[in-house]
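Take a look at the structure below.
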There are 2 protein chains.
Amino acid sequence: MVKRVSDAVKRRLPRYYRRLLSLDEAGTESVSSKELGALLGLTASQVRQDFNLFGGFGHQGYGYPVNKLREALEEILGLKRAWKMVVVGAGNIGRALAGYGYLGGDAFRVEALFDVDPAVIGTQVHGLTVKSADEMVSFINENNIDIAILTVPQEVANKVAHLISSSAVGAILNFAPVKLDAQENGPIIESIHIIDTLMSLTYQLSAKNITKPR
Amino acid sequence: MVKRVSDAVKRRLPRYYRRLLSLDEAGTESVSSKELGALLGLTASQVRQDFNLFGGFGHQGYGYPVNKLREALEEILGLKRAWKMVVVGAGNIGRALAGYGYLGGDAFRVEALFDVDPAVIGTQVHGLTVKSADEMVSFINENNIDIAILTVPQEVANKVAHLISSSAVGAILNFAPVKLDAQENGPIIESIHIIDTLMSLTYQLSAKNITKPR
DNA sequence: CGGCGATTGTTAAATAATTATCATCATCCT
DNA sequence: AGGATGATGATAATTATTTAACAATCGCCG
């Protein structure tokens with residue numbers, strides 16, 4: 001049962017979970033791979049393949065029990081516990097994320113918000129007082145922070161990421177449009193590059209007017 | 001030269017561009033596929049394959065001229081012109097994005113910000129006055145808006161997306177944690193699901209403690 | 001002015017991911 | 001009670017993506 005989970009599957013798991021959650025809340029008892037695939041734009045085959053990486057959740061002739069599968073995904077994704085986070089960089093995006101009491105408000109908690117700007121330090125953002133970046137590493141270590149959300153300007157992103165990596169944090173969620181250089185045994189890094197997604201859109205918009213999609 | 005561009009390549013193009021831009025700004029004249037690959041965590045082979053989809057930009061024995069390649073990518077990605085955007089939903093993320101004078105501040109411009117909440121309509125956000133959602137479709141059409149950034153609550157995301165689709169907008173950048181149902185000949189849709197990326201992190205953090213990476 | 005070193009563009013091979021197929025089995029209906 | 005139905009789990013086939021290999025080519029240096 002310890003099969004390799006590809007990146008592609010890893011990206012699909014949260015999507016399955018979100019959909020299962022909403023089906024469960026709607027009171028749906030079971031769902032077939034075909035139905036779920038249709039809801040997510042995937043083939044039935046792929047849905048079954050994916051779930052079978054983690055074990056057999058389905059009943060033949062019946063489909064998958066929504067509640068049980070949702071529970072299983074919750075376990076797999078580590079959502080049965082709360083994760084403590086800090087936001088590093090109190091700019092526009094950083095402040096927005098500090099107010100993130102979102103989906104499974106239980107699972108993700110922002111514990112602190114840091115910045116270097118003296119004019120910003122001490123101000124209130126969504127009930128948090130912005131702390132000085134000097135305190136960051138010790139705060140992370142003393143409060144067992146799991147995830148650092150990095151929203152600093154790209155020029156300093158790697159420097160700050162390096163500093164964060166010297167703490168005991170488990171993962172970094174990077175919003176700076178820069179590739180952070182990963183370190184052996186350092187935190188897990190995932191990036192969200194908004195600007196890249198925008199450029200992907202303009203690429204497609206530009207291409208649309210030249211060649212039709214096949 | 002009209003080869004099919006896969007999704008994987010499409011996602012790498014902006015990364016190439018960003019790196020080329022910074023190399024160019026640093027005054028670097030040429031870069032080999034090997035060097036560029038190392039900077040981006042790709043193989044030299046892959047870099048060459050990708051560029052060759054769009055034509056031969058390199059000089060044998062020499063590498064790729066940074067400036068010329070950057071220009072070419074700018075053309076390919078459609079960054080030679082300005083793109084007009086609106087932000088729909090003046091919540092935390094929406095307000096943050098309204099202040100988006102980011103990278104190629106020339107290429108992307110936020111022209112307006114919409115919401116349904118009477119308490120928010122009329123307020124100022126980063127120099128923009130929040131407009132009523134009632135005006136949205138006509139504003140998009142009259143001002144030739146290219147991209148709508150959707151940052152409304154998930155419950156109404158599809159409803160609003162549908163409304164946007166009735167306008168002449170070319171693309172939607174969706175931040176709601178929901179799969180928008182695409183329509184034939186409707187706008188191009190790309191989504192950024194922050195919550196999914198967080199879950200992908202907790203999945204990896206959870207998995208790390210059970211099985212070591214092979 | 002000719003050979004050497006380096007790096008491309010291209011084709012081929014290997015690997016990974018997705019889709020299709022099918023035997024098996026649980027449930028339901030008559 | 002038994003067969004039809006429908007959907008899983010597993011395996012096989014297909015397709016896509018990545019990596020490797022190598023001949024062709026350019027500039028540089030002597």
Side-chain angles (χ1 to χ4, degrees), chain A residues 1-16 19-20 23 28-70 72-73 76 179 200 213-214, chain B residues 1-16 19-20 23 28-73 76 179 200 203 213-214:
Chain A
M1 208 217 281
V2 189
K3 295 167 194 149
R4 166 166 160 68
V5 177
S6 72
D7 272 20
V9 173
K10 212 179 66 185
R11 276 196 298 270
R12 281 195 293 270
L13 290 177
R15 297 176 55 204
Y16 288 129
R19 184 56 75 159
L20 264 311
L23 285 173
T28 311
E29 304 233 325
S30 85
V31 67
S32 70
S33 56
K34 192 174 158 194
E35 289 163 345
L36 189 55
L39 288 170
L40 293 171
L42 307 170
T43 64
S45 210
Q46 189 162 52
V47 172
R48 292 203 297 276
Q49 293 264 33
D50 287 351
F51 290 157
N52 275 59
L53 289 173
F54 299 96
F57 300 107
H59 287 332
Q60 284 171 329
Y62 212 67
Y64 295 87
V66 170
N67 186 267
K68 187 180 152 199
L69 187 52
R70 178 202 138 187
L73 274 170
I76 291 166
K179 179 174 170 50
S200 155
R214 56 166 186 166
Chain B
M1 211 219 280
V2 190
K3 295 165 195 151
R4 166 167 158 73
V5 177
S6 71
D7 272 19
V9 173
K10 213 179 67 183
R11 275 195 299 270
R12 282 196 292 271
L13 291 176
R15 298 177 54 203
Y16 288 129
R19 183 57 75 160
L20 265 310
L23 285 173
T28 311
E29 303 233 325
S30 85
V31 67
S32 70
S33 56
K34 192 175 157 193
E35 289 164 343
L36 189 54
L39 289 169
L40 293 171
L42 308 170
T43 64
S45 209
Q46 188 163 52
V47 172
R48 292 203 296 279
Q49 291 265 31
D50 286 351
F51 290 158
N52 274 60
L53 288 173
F54 299 97
F57 300 107
H59 287 332
Q60 283 168 330
Y62 213 66
Y64 295 86
V66 171
N67 186 267
K68 186 180 153 201
L69 186 52
R70 179 202 136 187
E71 289 265 337
L73 274 171
I76 291 165
K179 178 172 172 52
S200 156
Y203 165 70
R214 53 162 190 173

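Bear in mind the structure is a predicted one, so any value in this text is a computation, not a measurement. First the proteins, then the strands, lettered A, B, ... as listed; each starts at 1.
Using a 4.0 Å heavy-atom distance criterion, A/Phe51 is classed as making no nucleic acid contact. Residue contacts shown for B/Ser45 include a base, since a base heavy atom lies under 4.0 Å away.
Close to C/dT8, at under 4.0 Å from its OP1 or OP2, lies no side-chain N or O of B/Asn52. Taking only side-chain nitrogens and oxygens, A/Arg12 never comes nearer than 4.0 Å to OP1 or OP2 of C/dA17. For the OP1/OP2 pair of C/dG9 and a distance below 4.0 Å, the side-chain nitrogens and oxygens of B/Tyr64 include at least one atom meeting the criterion. Note on A/Ser33: every side-chain N or O is 4.0 Å or more away from OP1 and OP2 of D/dA7.
Nearest heavy-atom pair, A/Pro65 versus A/Phe57, reported as atom, atom and distance to 0.1 Å: CD-O, 3.3 Å. The two residues B/Ser30 and B/Tyr62 come nearest to each other via the heavy atoms OG-O, 3.5 Å. Residues A/Gly41 and B/Lys179 share a closest heavy-atom pair of N-CE, 4.0 Å.
Summarising the geometry, the separation between CG on A/Leu53 and P on C/dT18 is reported as 11 Å, rounded to the nearest angstrom. In this entry the distance linking CZ of B/Phe57 with P of C/dG9 reads 9 Å, nearest Å. Rounded to an integer number of Å, the gap from A/Arg4 CZ to C/dT18 P is 12 Å. Computed from coordinates, the A/His59 NE2 to C/dT24 C1' distance equals 16 Å when rounded to whole Å. Rounded to whole angstrom, the span from the NZ atom of B/Lys34 across to the C1' atom of D/dA20 amounts to 15 Å. The interatomic distance linking A/Asp50 (CG) with D/dA10 (P) rounds to 14 Å, in whole Å. The distance between atom CD of B/Gln46 and atom P of C/dA14, rounded to the nearest whole Å, is 19 Å. Here the P atom of nucleotide C/dG9 and the CG atom of B/Leu36 are 13 Å apart, to the nearest Å.
When each of A/Leu42 and A/Tyr62 is assigned the nucleotide of DNA chain C bearing its nearest heavy atom, the one mapping closer to the 5' terminus is A/Leu42. Residues A/Arg48 and A/Asp7 both approach DNA chain C. Their nearest nucleotides, taken by heavy-atom distance, put A/Asp7 toward the 5′ side.
The side chain of A/Gln49 lies closest to C/dA20 when the candidates are C/dA20, D/dT18, D/dT19.
At a cut-off of 3.5 angstrom, counting only N and O atoms as typed in the model, there is a donor on one side and an acceptor on the other between the side-chain of B/Gln60 and the base of C/dT8.
Taking 4.5 Å as the limit, every side-chain heavy atom of A/Leu13 sits out of range of all side-chain heavy atoms of A/Phe51.
Side-chain N or O atoms of B/Arg15 include one that pairs as donor or acceptor with a backbone N or O of B/Leu40 at under 3.5 Å.
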